[in-house]
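Report on the following structure.
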2 protein chains.
Amino acid sequence: MGHGGKRPRRKRSEFVSQPNELSAVLADLRTAKGLSLREVEEATGKAVSNAYLSQLENGRIQKPSPNVLHSLAGVYAVPYETLMEKAGYLLPSEERGGRRRRLAAFAIDDLSAEEEEELLKYLAFLRSRSPS
Amino acid sequence: MGHGGKRPRRKRSEFVSQPNELSAVLADLRTAKGLSLREVEEATGKAVSNAYLSQLENGRIQKPSPNVLHSLAGVYAVPYETLMEKAGYLLPSEERGGRRRRLAAFAIDDLSAEEEEELLKYLAFLRSRSPS
DNA sequence: GCATAATGCTTGATCTATCAAGCAATTTGG
DNA sequence: CCAAATTGCTTGATAGATCAAGCATTATGC
């Protein structure tokens, strides 16, 4: 031991995160619902740890298991197949003959009436910025 | 899900061959086509080893990856989804669309991907000002 | 201000999926 | 009959998924 002062140095690991589409979707869904990592962990019934969620959202996991995706689909109230598709396990739904809702549509299902009204105004604003 | 951590120590499981529906289906498909394990390995372009196929058909693998199932679906000319279903990754009768949609949901179906992302961030903002 | 909780994150450890190599039986062909 | 090939199978090694703990920083309460 020796050298008095410093404790085990903590090296700053250079995370080579490769953000993919899935990680972005999962992060967006969680923040859109206003949930913390631990709240999601809890919502899955401890099936998915907050540690893992963090790695997932930061693109450090290449292939989360279908079980994990199933748990998260439940928490975020989005279709399991959609997450499977984002993870590259299934062909895009168009090529499988299926209609689909925008992911954002699922994020608003439990808004209050007041919030929904605000949201509609915001949508009008969004549209005013792009040609129809 | 994983197992990690140092929790109650788990004993090494003795290879209890537990043939499930998937293993039976895979074995039947292969013998029905008169193929050997190595021929199937070859047919997948070396994507799945004969060693693994053996374990798979004898129920020694709990959750083969979707990638493996995809390769085998190609070789045996059966639908990928069918094998996924046998493996327990998909529900047999997936019913979709039962939920009631918010009004606003109809207004976002034709947003661009960028706009949708903005929208999700806006939702996070909305939530941050009201309790759940 | 300070203790405490909450948040996102990193890391060490463990289990599982998966393959390369090898093995004992069986088949084939000369 | 025997060597070579084939077949199904087992096992050691490796990589990746996943979690329990713990850390740094920020928010919250007194």
Side-chain angles (χ1 to χ4, degrees), chain A residues 6-20 22-23 26-28 30-31 33-72 87-89, chain B residues 1-20 22-23 26-27 30-31 33-72 87-89 124 127-129 131-132:
Chain A
K6 302 305 211 162
R7 64 305 55 141
R9 256 270 47 87
R10 210 145 97 60
K11 71 174 177 203
R12 204 138 249 317
S13 74
E14 45 206 288
F15 51 59
V16 191
S17 76
Q18 153 79 11
N20 49 41
L22 178 65
S23 57
L26 290 179
D28 285 345
R30 184 174 62 82
T31 53
K33 294 239 173 193
L35 296 171
S36 75
L37 295 175
R38 281 173 178 81
E39 284 173 329
V40 172
E41 167 178 351
E42 201 58 42
T44 66
K46 301 277 194 184
V48 184
S49 71
N50 71 80
Y52 192 60
L53 285 168
S54 175
Q55 299 175 73
L56 210 42
E57 294 185 3
N58 287 300
R60 246 158 258 174
I61 302 294
Q62 322 195 270
K63 286 278 173 181
S65 80
N67 279 341
V68 165
L69 296 181
H70 191 262
S71 291
L72 295 181
Y89 286 138
Chain B
M1 311 128 87
H3 290 175
K6 30 164 123 179
R7 281 286 297 271
R9 206 117 169 74
R10 203 128 18 114
K11 67 172 180 185
R12 255 219 172 278
S13 64
E14 330 209 333
F15 53 104
V16 176
S17 182
Q18 143 76 340
N20 49 42
L22 177 66
S23 57
L26 291 180
R30 183 174 64 81
T31 52
K33 296 231 172 193
L35 297 171
S36 74
L37 295 175
R38 270 164 247 264
E39 283 173 331
V40 173
E41 165 177 352
E42 201 58 43
T44 65
K46 301 277 193 186
V48 184
S49 72
N50 70 80
Y52 193 60
L53 285 167
S54 175
Q55 299 176 74
L56 209 42
E57 295 185 3
N58 286 301
R60 243 157 265 172
I61 302 295
Q62 320 193 261
K63 285 280 173 183
S65 80
N67 280 341
V68 164
L69 296 181
H70 191 261
S71 290
L72 296 181
Y89 286 139
R127 308 234 176 224
S128 69
R129 39 175 41 188
S132 57

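This structure is a prediction, so every number in the text was calculated from the model and none was measured. Chain letters run A, B, ... following the sequence lines, proteins first, then strands; residues in each count from 1.
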The side chain of Asn58(B) lies closest to which of these nucleotides: dT10(D), dC9(C), dC9(D)?
-> dC9(D)
Considering only heavy side-chain atoms of Gln55(A), the closest of dC19(D), dC9(C), dC9(D) is dC19(D)
So what does Ala27(B) hit on the nucleic acid, given a heavy-atom distance under 4.0 Å: a base, only sugar-phosphate, or nothing?
-> nothing
Over how many whole Å does the gap from Leu35(B) atom CG to dT7(D) atom P extend?
-> 10 Å
Return the nearest nucleotide to the side chain of Lys63(B); candidates are dT11(C), dA17(C), dT10(D).
-> dA17(C)
Would you please confirm or rule out a distance under 4.0 Å between OP1 or OP2 of dT7(C) and any side-chain N or O of Ser36(A)?
-> yes
Taking the side chain of Ser54(B) as heavy atoms from C-beta outward, which of dC9(D), dC9(C), dC19(C) is closest to it?
-> dC9(D)
Using atom CG of Leu69(B) as one end and atom P of dA17(C) as the other, report the distance to the nearest whole Å.
-> 12 Å
Between P of dA17(D) and NE2 of His70(A), the distance in whole Å = 20 Å
Kindly point out which of dG8(D), dC9(D), dA17(C) is positioned nearest to the side chain of Gln62(B)?
-> dA17(C)
If you take all heavy atoms of Pro64(B) and Tyr89(B), which pair is closest and at what distance?
-> O-OH, 2.7 Å
Go through Leu72(A) and Leu56(A) one step at a time and tell me if the side-chain contact (heavy atoms from CB on, under 4.5 Å) criterion holds.
-> CA-CA 11 Å; Leu72(A) 295 181; Leu56(A) 210 42; 4.0 Å; yes
Which residue, Ile61(B) or Arg38(B), contacts DNA chain C at a nucleotide closer to its 5' end, judged by nearest heavy atom?
-> Ile61(B)
Nucleotide dG8(C), atom C1' - distance to CD of Glu39(A) in whole Å | 13 Å
Any donor-acceptor pair under 3.5 Å linking the side chain of Asn20(B) with the backbone of Leu22(B)?
-> yes
Could you tell me the separation between the NZ atom of Lys33(B) and the P atom of dT7(D), rounded to a whole number of Å?
-> 18 Å
Quick one: label Ser49(B) by what it contacts on the DNA or RNA (base, sugar-phosphate, nothing), any heavy atom closer than 4.0 Å.
-> base
When rounded to the nearest 0.5 angstrom, what is the spacing between CD in Glu39(A) and CD in Glu42(A)?
-> 9.5 Å
When rounded to whole Å, the CG to P distance for the pair Leu53(A) and dG8(C) reads 10 Å
Gap between atoms CG and P, on Leu56(B) and dC9(D) respectively (whole Å) | 12 Å
Atom-to-atom span, CD of Glu41(A) to P of dA21(D) - whole angstrom | 12 Å
Would you sort out whether Val48(A) and Val40(A) count as a side-chain contact (heavy atoms from CB on, under 4.5 Å), showing the intermediate values?
-> CA-CA 8 Å; Val48(A) 184; Val40(A) 172; over 6 Å; no
Please tell me which of the listed nucleotides, dC9(D), dG8(C), dT10(C), lies nearest to the side chain of Leu37(B)?
-> dC9(D)
Polar side-chain contact Asn50(A)-dC19(D) base: donor and acceptor under 3.5 Å = no
